[in-house]
K.L.:
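For reference, the structure I am asking about is given below.
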Amino acid sequence: MAPRFRTWFEVAVGRAGRPLDGGSARRRSPGDTIAPAFPTPFEVMILRVLLTTWAWPSHLYPMVPLGWALQAAGHDVRVAVGPGLADAVGRAGLSPVTVADDADLVGMSTAPALKSWHRQARWTNDWQGRPELLSPSQQEMYAALGHKQTAMAAAMVGGLVGFARAWRPDLVVHDAVTFAGLVAGAVLDVPTAATLWGNIVLPRHHRDPLTGNLAPDFAALFERFGVAPKPEPDVWIDPCPPRMSLPSPDPRLPCRYVPYNGPGTGPDWLLEPPSRPRVCVTWGITSGRIGGGTPDVFDQVLAAVHGLDAELVLALSDAGQAPPEGLPAGTRVVENLPLSLLLPSCSAVVHQGGGGTTMTSVWSGTPQLIVSPRPEQMMTGDRLETLGAGRHLVRGELAAGTPQSGTRRIHDALVGLLDDAAHARAARELRHDMLAQPAPAALVPHLESLAAAGPAAAPAAGPHRKDTR
């Protein structure tokens with residue numbers, strides 16, 4: 001379907017920099033009118049862009065700045081989500097479309113096949129490139145993760161395709177693991193772009209890790225509508241700094257990460273510089289909802305910061321987290337405070353390695369201590385440690401020892417993070433790498449070109465990148 005164009009015509013005589021009467025310059029009188037400086041008639045592309053994600057805030061928030069950029073460029077933007085996320089879309093200043101979505105996300109994430117996904121021992125850090133290194137149980141767990149993503153897509157794809165057929169978007173922009181967006185693009189025969197949330201590798205949950213074959217339940221999403229499977233988007237929108245991401249031959253549009261952690265107001269105490277190093281401890285939205293940040297980790301982290309000459313800030317989400325008992329004296333507890341307001345004042349942040357917290361920490365230039373519960377977060381932690389911008393501990397390894405030994409390891413890692421100035425320097429360098437990437441507004445012309453060219457067309461020019469490192 002061809003994108004929509006609206007034609008604007010010059011509506012008055014005169015041009016900017018030219019006298020209104022066409023003659024010599026004169027002083028304008030108060031009643032004179034300045035005509036708009038439009039040249040000959042020209043066309044402006046007005047796209048309908050459909051954004052979509054499954055109902056989880058941590059997958060919506062990275063998409064919001066791109067939605068703002070498209071909207072500010074004059075395009076018509078809708079965000080299709082399940083009922084549980086519609087209010088969050090509206091609070092972000094975008095227009096929600098509610099589609100039926102009866103998936104029990106928490107139940108799926110904590111089902112027997114995935115219950116231990118959030119408490120994994122260390123996976124080899126190159127398992128994405130060498131899947132043969134995965135054990136049979138790890139392969140089964142990875143397949144179960146793909147089945148969960150596909151089940152979530154199946155729960156919303158009917159409503160999403162129904163709305164898309166009625167509204168007729170020119171472009172579908174979907175979260176990287178919201179497979180329903182790929183289906184909508186295939187049904188309408190329009191291009192799709194997938195937004196990443198800080199992944200250092202592209203997610204391939206719909207493929208067998210050993211053979212690369214598509215999972216049958218993924219293919220069935222497309223068969224339901226009589227179209228061939230579209231296994232990949234036309235382009236990936238990647239906010240991960242180039243030095244942090246791992247090589248991939250896939251077409252990517254690098255994009256500067258712009259933090260959006262939900263609406264919120266900064267407290268007055270953030271206006272004053274801290275008298276001691278400020279350390280933020282947070283476990284993110286996802287971990288708060290599915291149990292990835294359970295009390296044993298909190299207890300060990302809080303015990304580790306006892307005795308440090310530092311100010312502790314415990315940042316909680318609205319996911320039902322409650323402050324643990326026995327907090328060090330002087331601890332500040334904040335709820336729903338956007339991390340983008342807090343982290344620039346911090347000397348370190350301790351978290352689980354989720355995409356939103358990781359990327360906001362990189363954006364603020366804050367050294368990170370990641371205590372990772374699952375494989376993709378382990379890869380993030382390892383990468384940050386390699387770059388010197390953080391330190392990494394695996395939660396499963398801490399749990400294998402005594403509580404005292406785990407606490408000691410966290411304490412030593414945090415002391416090293418605070419005392420070694422090389423970490424702060426590396427974090428600043430990584431921040432500069434992020435800020436050097438094109439802002440979301442710079443991606444708009446390339447998405448316009450993609451929409452005009454149709455599906456399976458790469459971006460016309462500009463920040464298109466194929467990794468060759």
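Atoms considered below: every heavy atom in the structure, side chains included; atoms not considered: hydrogens, waters and symmetry mates. These numbers come from a predicted model, not from an experiment.
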K.L.:
Using modelled atom types only, decide if a donor and an acceptor are shared between the side chain of W197 and the backbone of A176 within a distance under 3.5 Å.
P.N.:
no
K.L.:
Report yes if the side chains of M63 and V79 come closer than 4.5 Å at any heavy-atom pair, otherwise no.
P.N.:
no
K.L.:
Report the C-alpha separation of W56 and D175 in whole Å, then their side-chain angles, then the decisive distance to 0.1 Å, and conclude whether the side chain to side chain contact (heavy atoms under 4.5 Å, CB included) test is met.
P.N.:
CA-CA 11 Å; W56 211 259; D175 164 71; over 6 Å; no
K.L.:
Please check if the side chain of R383 supplies one atom and the backbone of M244 the other of a donor-acceptor pair under 3.5 Å.
P.N.:
yes
K.L.:
State, yes or no, whether a side-chain contact exists between R276 and S347 at a heavy-atom distance under 4.5 Å.
P.N.:
no
K.L.:
Rounded at 0.5 Å granularity, tell me how far OH in Y61 sits from CG in N261.
P.N.:
8.5 Å
K.L.:
Could you check whether any side-chain heavy atom of R332 comes within less than 4.5 Å of a side-chain heavy atom of P267, counting everything from C-beta outward?
P.N.:
no
K.L.:
Donor-acceptor pair, T98 side chain versus P83 backbone, under 3.5 Å?
P.N.:
no
K.L.:
When rounded to the nearest 0.5 angstrom, what is the spacing between CG in L342 and CZ in R278?
P.N.:
7.0 Å
K.L.:
So, for P263 and Y260, which heavy atoms are closest and what is the spacing to 0.1 Å?
P.N.:
CD-OH, 3.3 Å
K.L.:
Going by ring pair (Phe, Tyr, Trp, His ring centres under 6.0 Å), name the residues that satisfy it together with W236, two or more places apart in sequence or in a different chain.
P.N.:
none
K.L.:
Give the minimum heavy-atom separation between A228 and A186, together with the two atoms involved.
P.N.:
O-CB, 4.2 Å
K.L.:
Enumerate the residue pairs fulfilling salt bridge (Lys or Arg N to Asp or Glu O under 4.0 Å) with a member in residues 195-206, sequence neighbours excluded, ordered by first and then second residue.
P.N.:
R204-E232, R204-D250
K.L.:
Please name all residues satisfying ring pair (Phe, Tyr, Trp, His ring centres under 6.0 Å) with Y257, sequence neighbours left out, ordered by chain then number.
P.N.:
none
K.L.:
Is the side chain of T357 donor-acceptor paired with the backbone N or O of G353 at a distance under 3.5 Å, no angle test?
P.N.:
no
K.L.:
For the backbone of A80 and the side chain of T52, can you confirm whether one donor and one acceptor N or O come within less than 3.5 Å of each other?
P.N.:
yes
K.L.:
Determine, step by step, whether L214 and F222 satisfy the side chain to side chain contact (heavy atoms under 4.5 Å, CB included) criterion, reporting the C-alpha distance in whole Å, the side-chain angles of both residues, the deciding distance to 0.1 Å, and the verdict.
P.N.:
CA-CA 12 Å; L214 295 177; F222 298 82; over 6 Å; no
K.L.:
What are the two closest non-hydrogen atoms of N199 and C240, and how far apart are they?
P.N.:
O-CB, 3.7 Å
K.L.:
Are more than 12 heavy atoms, taken from residues, nucleotides or ligands other than D268, located less than 6.0 Å from that residue's CG atom?
P.N.:
no
K.L.:
Quick one: are L85 and P57 in side-chain contact, heavy atoms under 4.5 Å?
P.N.:
yes
K.L.:
Tell me whether the rings of H206 and F179 are parallel (<30°), tilted (30 to 60°) or perpendicular (>60°).
P.N.:
tilted
K.L.:
Apply side chain to side chain contact (heavy atoms under 4.5 Å, CB included) to the pair V371 and W283, showing each step before the final yes or no.
P.N.:
CA-CA 10 Å; V371 183; W283 239 250; 4.1 Å; yes
K.L.:
Just do the side chain to side chain contact (heavy atoms under 4.5 Å, CB included) check on R391 and H423 with the steps written out, would you?
P.N.:
CA-CA 9 Å; R391 295 198 175 195; H423 291 305; 3.1 Å; yes
K.L.:
Taking all atoms of both residues into account, what is the closest heavy-atom pair of D170 and V190, and its distance?
P.N.:
O-CB, 3.7 Å
K.L.:
Quick one, P169 and L188 - any side-chain contact, counting heavy atoms below 4.5 Å?
P.N.:
yes
K.L.:
Once you round to the nearest 0.5 Å, how far does CG of L51 lie from CG of L66?
P.N.:
6.0 Å
K.L.:
With heavy-atom distances below 4.5 Å as the criterion, would you say the side chains of W167 and V97 are in contact?
P.N.:
no
K.L.:
Would you say the side-chain atoms of R122 pair up with the backbone N or O of V394, donor to acceptor, closer than 3.5 Å?
P.N.:
no
K.L.:
Can a donor-acceptor pair be found, under 3.5 Å and without considering hydrogens, that links the side chain of Q139 to the backbone of L210?
P.N.:
no
K.L.:
Flag the pair H75 / E448 as yes when at least one side-chain heavy-atom distance between them is below 4.5 Å, and no otherwise.
P.N.:
yes
K.L.:
Which pairs with one or both residues in residues 430-447 pass salt bridge (Lys or Arg N to Asp or Glu O under 4.0 Å), sequence neighbours excluded?
P.N.:
R243-D433
K.L.:
Does H174 have any ring pair (Phe, Tyr, Trp, His ring centres under 6.0 Å) partners at least two apart in sequence or in another chain, and if so, which?
P.N.:
none
K.L.:
Give me each pair satisfying side-chain hydrogen bond (donor to acceptor under 3.5 Å, both in side chains) with a member in residues 362-372, each pair once, sequence neighbours excluded.
P.N.:
H351-Q368, S364-T366, S372-H392
K.L.:
To the nearest 0.5 angstrom, please state how far the CZ atom of R256 sits from the CE atom of M434.
P.N.:
10.0 Å
K.L.:
Provide the closest heavy-atom pair for A310 versus V279 in the form atom of the first, atom of the second, distance.
P.N.:
CB-CG2, 4.0 Å
K.L.:
How long is the span from the CG atom in D217 to the CD atom in E223, to the nearest 0.5 Å?
P.N.:
10.5 Å
K.L.:
Taking I370 as the fixed residue, which of T358, V349, V350 is the one that meets the side-chain contact (heavy atoms from CB on, under 4.5 Å) rule?
P.N.:
T358
K.L.:
Drop me the distance from L270's CG to T265's OG1, to the nearest 0.5 angstrom.
P.N.:
11.0 Å
K.L.:
Could you tell me whether the side chain of E429 reaches within less than 4.5 Å of the side chain of R425, counting heavy atoms only?
P.N.:
yes
K.L.:
Please report the shortest heavy-atom distance between G212 and R207, naming the atom on each side.
P.N.:
O-NH1, 2.7 Å
K.L.:
Treating D238 as the side-chain partner and P254 as the backbone partner, does any N or O pair qualify as donor plus acceptor under 3.5 Å?
P.N.:
no
